[in-house]
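Below: one structure, written as structure tokens.
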Amino acid sequence: MGKCMIIGCGGVASVAIHKCCQNSGIFEGIMIASRTKSKCDALRDKLQPTTKTVIETAQVNADNVDELVTLINSYKPDVVLNLALPYQDLTIMDACLATKTHYVDTANYEPLDTAKFEYKWQWAYREKFEQAGITALLGSGFDPGVTGVFSAYAMKHEFDEINYIDILDCNGGDHGYPFATNFNPEINIREVSAKGSYIENGEWVETEPMEIKRVYNFKGVGEKDMYLLHHEELESLALNIKGIKRIRFFMTFGQSYLTHLKCLENVGMTSIEPIMYEGREIVPLQFLKAVLPDPATLGARTVGKTNIGCIFRGKKDGKDKTYYLYNICDHQECYREVGSQAISYTTGVPAMIGAMMIMTGQWNRAGVYNIEEFDPDPFMQALNEWGLPWEEDFNPTLVD
Ligand code: NDP
């Protein structure tokens with residue numbers, strides 16, 4: 001039992017907040033603190049009559065460490081759950097250090113001016129968190145997040161060594177718009193327009209954006225085109241899982257999405273370089289975000305399913321072994337339960353579970369850790385209980 005401060009009140013935060021309120025035995029109190037307080041208040045007004053969790057709200061600029069420290073000191077949460085944007089990771093970690101409060105996030109820090117996804121900035125906090133006696137749990141969404149828990153579970157129960165991991169992220173959902181992104185457009189487009197990369201024999205291999213394409217038949221969804229992307233969990237999994245020779249990440253994209261993205265790229269709309277427009281500096285990608293549909297509004301329109309998981313290949317008792325762990329999630333079921341589509345749902349549920357692992361002391365180690373460094377068993381059990389049941393396949397089709 002305890003209190004959690006949730007920073008941000010967007011698509012992912014909304015799901016996590018719904019789930020905390022369903023789990024009031026653990027989350028006695030939550031504070032929703034974000035840039036736009038009216039959004040926090042609206043969610044509190046909707047949820048407070050349905051839950052024993054006591055919901056408070058506050059306005060905060062999470063880029064400002066002093067403001068965060070003052071707010072944390074006044075609310076005294078057991079854990080801060082960062083569901084704002086990756087740009088705020090370090091300021092929120094600084095505030096957690098100053099107040100000796102545990103920290104959880106779902107995406108690694110990224111400086112505003114370079115789309116570079118690396119853990120080095122957050123890993124640099126390891127000693128400080130150890131000395132302060134608090135935990136930072138990095139990447140408690142789906143990918144990163146559940147993919148790391150799946151990897152730790154496979155390592156613990158199914159393999160002596162894992163040599164190959166392919167993470168497959170399939171969204172078979174259709175929102176009916178020619179072009180929209182399922183989560184924050186700025187973060188999403190930065191991710192997919194960057195060069196692809198994967199790790200082979202301890203080295204990063206770089207590809208052009210969308211250079212490597214495969215077709216895969218996903219259970220619950222059907223056949224989809226998928227493309228190799230760089231993804232942040234590759235970096236930590238390659239270090240934390242024993243025996244890795246190669247680890248790749250694939251995400252499905254429809255042709256309409258890719259055609260629009262190419263066109264927007266060609267005209268310069270996805271650039272993160274500021275330009276001058278009518279005497280004012282603007283970032284084209286931030287302007288594009290302003291004209292695209294708000295991901296929070298997609299839920300009602302999106303039909304279909306997601307299927308996200310990991311295919312592992314390695315050895316058990318001297319024999320080759322293959323194992324696929326995945327979750328299938330239905331957009332409309334998510335919408336009926338919490339008013340959001342499955343992309344926010346599959347991230348918000350693990351975010352709540354990550355905070356719960358720390359609040360209940362099931363994951364209790366001072367320092368900065370990626371999710372696969374903890375015992376996966378209680379998290380796997382919680383996924384089944386809180387809406388993201390997983391399935392396993394001991395004879396999956398492999399990706400060549
Ligand atoms: P949204 O843009 O919907 O929400 C972000 C929220 O953060 C908004 O409420 C925004 O406020 C608030 N915010 C932004 N800047 C500040 C600030 N300086 N101070 C206070 N609040 C701020 O994003 P999503 O919900 O889609 O994504 C949230 C996070 O989840 C991102 O980091 C994203 O990368 C991550 N993610 C992780 C996934 C995973 O599987 N691991 C998958 C999907 C997302 P306002 O309402 O005023 O705009």
Side-chain angles (χ1 to χ4, degrees), residues 5-18 31-43 57-68 71 80-92 95 104-110 112 115 117 119 122 137-150 167 169 171 180-192 229 231-234 236 249 251 285-286 289-290 292-299 306 308-309 327 329 338 340-354 370-371 388:
M5 179 185 287
I6 295 158
I7 300 185
C9 193
V12 174
S14 168
V15 174
I17 291 161
H18 276 80
M31 172 176 272
I32 315 171
S34 189
R35 183 166 56 190
T36 313
K37 185 168 178 282
S38 55
K39 290 191 194 170
C40 312
D41 291 341
L43 205 50
T57 61
Q59 201 278 329
V60 75
N61 173 8
D63 293 319
N64 184 320
V65 179
D66 291 339
E67 260 188 51
L68 287 165
L71 192 62
V80 172
L81 177 54
N82 169 15
L83 299 176
L85 297 178
Y87 318 127
Q88 279 86 47
D89 287 4
L90 300 187
T91 44
I92 299 175
V104 178
D105 69 26
T106 65
N108 68 7
Y109 173 70
E110 200 187 316
L112 253 178
F117 308 89
Y119 279 112
Q122 291 181 280
L137 168 60
L138 306 185
S140 190
F142 206 105
D143 43 350
V146 176
T147 51
V149 175
F150 281 176
I167 301 170
D169 180 330
N171 179 8
T181 63
N182 294 302
F183 69 98
N184 185 287
E186 196 184 329
I187 307 295
N188 182 232
I189 291 173
R190 278 166 75 118
E191 185 175 85
V192 301
L229 295 187
H231 225 243
E232 61 198 59
E233 67 263 51
L234 303 187
S236 70
F249 181 97
M251 190 179 271
L285 181 54
Q286 287 174 1
K289 173 179 188 265
L292 286 176
D294 178 354
T297 62
L298 295 179
T306 62
I308 320 177
N327 160 264
C329 192
V338 299
S340 301
Q341 33 80 354
I343 305 297
S344 304
Y345 192 90
T346 52
T347 311
V349 171
M352 178 282 283
I353 296 173
N370 290 90
I371 200 161
L388 293 177

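In each ligand, atom 1 is the first atom listed, and ligand 1 is the first ligand listed.
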Contact partition for [X] relative to ligand 1, non-hydrogen atoms under 4.0 Å:
| X | answer |
| --- | --- |
| Pro144 | both |
| Ile187 | side chain |
| Thr346 | neither |

For [atom], what's the nearest protein heavy atom and its distance?
| atom | result |
| --- | --- |
| atom 2 (O) of ligand 1 | Asn184 ND2, 2.7 Å |
| atom 30 (O) of ligand 1 | Thr106 OG1, 3.1 Å |
| atom 44 (C) of ligand 1 | Phe183 CD1, 3.6 Å |
| atom 42 (C) of ligand 1 | Thr347 OG1, 3.1 Å |
| atom 19 (N) of ligand 1 | Ala62 N, 2.8 Å |
| atom 22 (C) of ligand 1 | Arg35 CB, 3.9 Å |

Identified side chain to side chain contact (heavy atoms under 4.5 Å, CB included) counterpart of Ile6 within the set Leu43, Val80, Leu81
Leu81
Any heavy atom of Gly145 sitting closer than 4.0 Å to ligand 1?
no
Under a heavy-atom criterion of less than 4.0 Å, does Ser34 contact ligand 1?
yes
Mind checking ring-ring contact (aromatic ring centres under 6.0 Å, His included) for His231 and listing every partner two or more places apart, or none if nothing turns up?
Phe249
Pairwise distance [atom1]([X]) to [atom2]([Y]) - rounded to 0.5 angstrom:
| X | Y | atom1 | atom2 | value |
| --- | --- | --- | --- | --- |
| Ile187 | Lys289 | CD1 | NZ | 9.0 Å |
| Ile189 | Leu285 | CD1 | CG | 5.5 Å |
| Ile17 | Met352 | CD1 | CE | 12.5 Å |

Under 4.0 Å from any heavy atom of [X], which atoms of ligand 1 are there?
| X | value |
| --- | --- |
| Val60 | 19 (N), 20 (C) |
| Asp63 | 18 (N) |
| Gly11 | 3 (O), 25 (O) |
| Lys39 | 45 (P), 46 (O), 48 (O) |
| Thr36 | 45 (P), 46 (O), 47 (O) |

Quick one: does any side-chain atom of [X] pair with a main-chain N or O of [Y] as donor and acceptor, under 3.5 Å?
| X | Y | result |
| --- | --- | --- |
| Glu110 | Pro86 | no |
| Asn82 | Asp105 | no |
| Glu233 | Gly148 | no |
| Thr347 | Phe142 | no |

How about Ile7 and Gln88: do any of their side-chain heavy atoms sit closer than 4.5 Å?
no
Flag side-chain contact, heavy atom, 4.5 Å: Thr36 against Cys9:
no
Selected option - heavy-atom contact closest to atom 29 (C) of ligand 1, from Pro86, Ala84, Ala107, Gly10:
Ala84
Less than 3.5 Å between some nitrogen or oxygen of [X] and one of ligand 1, yes or no?
| X | value |
| --- | --- |
| Cys9 | yes |
| Val12 | yes |
| Phe142 | yes |

Return the minimal non-hydrogen interatomic distance between Asp66 and Asn64, and the atom names on each side.
N-OD1, 3.0 Å
